[in-house]
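Here the structure comes first, spelled out in C-alpha cells, and everything after it is commentary.
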Amino acid sequence: MNLEKEIKRCSQFELVSFDIFDTLIERQVCVPTDVFYLAGFNYFKDKNKAIFFKDCRIKAEAEARKNSSTGETTLDDIYKVLQTGIKNSTDAEALKKFEVETELEQVHPREELVQLCNTLVKKGMKIALISDMYLTSDTT
C-alpha cells in the first residue's frame, strides 16, 4: 500500500470509515470460525470435543441471528442458545470466557491500515470505526 496515495485519496471525503475486523485488525486463523475450535480445544483439551463445540457454536450463532429482529446478535445471545445444548451453565460461561480470550489472542493489527487511520485522524479527518462483530465494545 502506498500510504501517501491513500491519504490523498481519502482526503477528498468528509468521512472515512474502517471496518475493524479484517481491515484494521485480522485474525491469525484461516477462517474466523477456527477461533471456536481453538476455544473448545483450550477448554476441553480434546480434539473431538473441540470440533463438536465448533459445530455447536456455529449453529448457535445462526439460530441467534435467525431469532433476532435485525439479523444481528451478541455473544450473550449466542450463548443463551448454546446453553440449551449444554447441561451445565457453568460450562457455557466458561466456554464464553475461553472464546473471548482466544479471540483476543488470535488478533493483531494490520499495521499499514492502522497507520493510515492514525494519519487521517492526525490530519483532522472524521473517522468512523464500524463492525458487525458480536463482541461488545468493552472487550479488550
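Keep in mind that this is a model prediction, so the values were computed, not measured. For reference, positions follow the sequence shown, starting with 1.
- Contact of the Asp77 side chain with the Glu61 side chain is not registered, since no non-hydrogen atoms from C-beta on lie closer than 4.5 Å.
- Both Leu82 and Leu75 sit in one connected hydrophobic cluster of ILVMFWY residues. Membership requires side-chain heavy atoms under 4.5 Å apart, directly or through other members.
- Residue Glu101 holds its CD atom at 12.5 Å from CD of Gln106, rounded to the nearest 0.5 Å.
- Expressed to the nearest 0.5 Å, how far CD of Glu99 lies from CG of Asn42 amounts to 11.5 Å.
- Classification of the Phe53-Tyr79 ring pair by plane angle, with boundaries at 30° and 60°, yields tilted.
- Applying the salt bridge (Lys or Arg N to Asp or Glu O under 4.0 Å) criterion to Lys66, with sequence neighbours excluded, gives Glu63.
- For Ala50 against Gly40, the heavy-atom pair with the smallest separation is CB-C, 3.8 Å.
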### Message
Between Lys54 and Asp34, does the side chain to side chain contact (heavy atoms under 4.5 Å, CB included) criterion hold? Intermediate values first, please.
### Response
CA-CA 8 Å; Lys54 176 183 174 180; Asp34 287 348; 3.2 Å; yes
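- Judged as a salt bridge (Lys or Arg N to Asp or Glu O under 4.0 Å), and not counting sequence neighbours, the contacts of Glu72 are Arg65.
- Annotation: side chain of Asp91 is not in contact with side chain of Phe44 (no heavy-atom distance under 4.5 Å).
- The line from CD of Glu112 to CD of Glu6 is 9.5 Å long, rounded to the nearest 0.5 Å.
- For the side chain to side chain donor-acceptor pair (under 3.5 Å) test, no residue two or more places apart in sequence or in another chain qualifies with Glu105.
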Return all side-chain donor-acceptor pairs below 3.5 angstrom for residues 113-131, not counting sequence neighbours, or 'none' if the list is empty.
| from | atom 1 | to | atom 2 | distance (Å) |
| --- | --- | --- | --- | --- |
| Asn118 | ND2 | Val114 | O | 3.4 |
| Thr119 | OG1 | Gln115 | O | 2.8 |
| Ser131 | OG | Met133 | N | 3.0 |

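- Taking each heavy atom of Ala39 and Thr102 in turn, the nearest pair found is CA-OG1, 3.6 Å.
- Not counting sequence neighbours, the partners of Asn2 by the side chain to side chain contact (heavy atoms under 4.5 Å, CB included) test are Glu4, Lys5.
- Two residues are said to be in side-chain contact when any heavy atoms from C-beta on lie closer than 4.5 Å; Glu93 and Lys96 meet this criterion.
- Atom NZ of residue Lys80 and atom OG1 of residue Thr73 lie 9.0 Å apart, to the nearest 0.5 angstrom.
- The distance from the CD1 atom of Ile58 to the CD1 atom of Ile78 is 11.0 Å, given to the nearest 0.5 Å.
- Between His108 and Arg27 there is no side-chain heavy-atom pair separated by less than 4.5 Å.
- A ring pair (Phe, Tyr, Trp, His ring centres under 6.0 Å) with Phe98 is found for one member of Tyr37, Tyr43, Phe36 and no other, namely Tyr43.
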Ignoring hydrogens and angles, write down the donor-acceptor pairs under 3.5 Å from the side chains of residues 12-25, residues two or more places apart or on other chains.
| from | atom 1 | to | atom 2 | distance (Å) |
| --- | --- | --- | --- | --- |
| Gln12 | NE2 | Arg9 | O | 3.0 |
| Thr23 | OG1 | Asp19 | O | 3.4 |

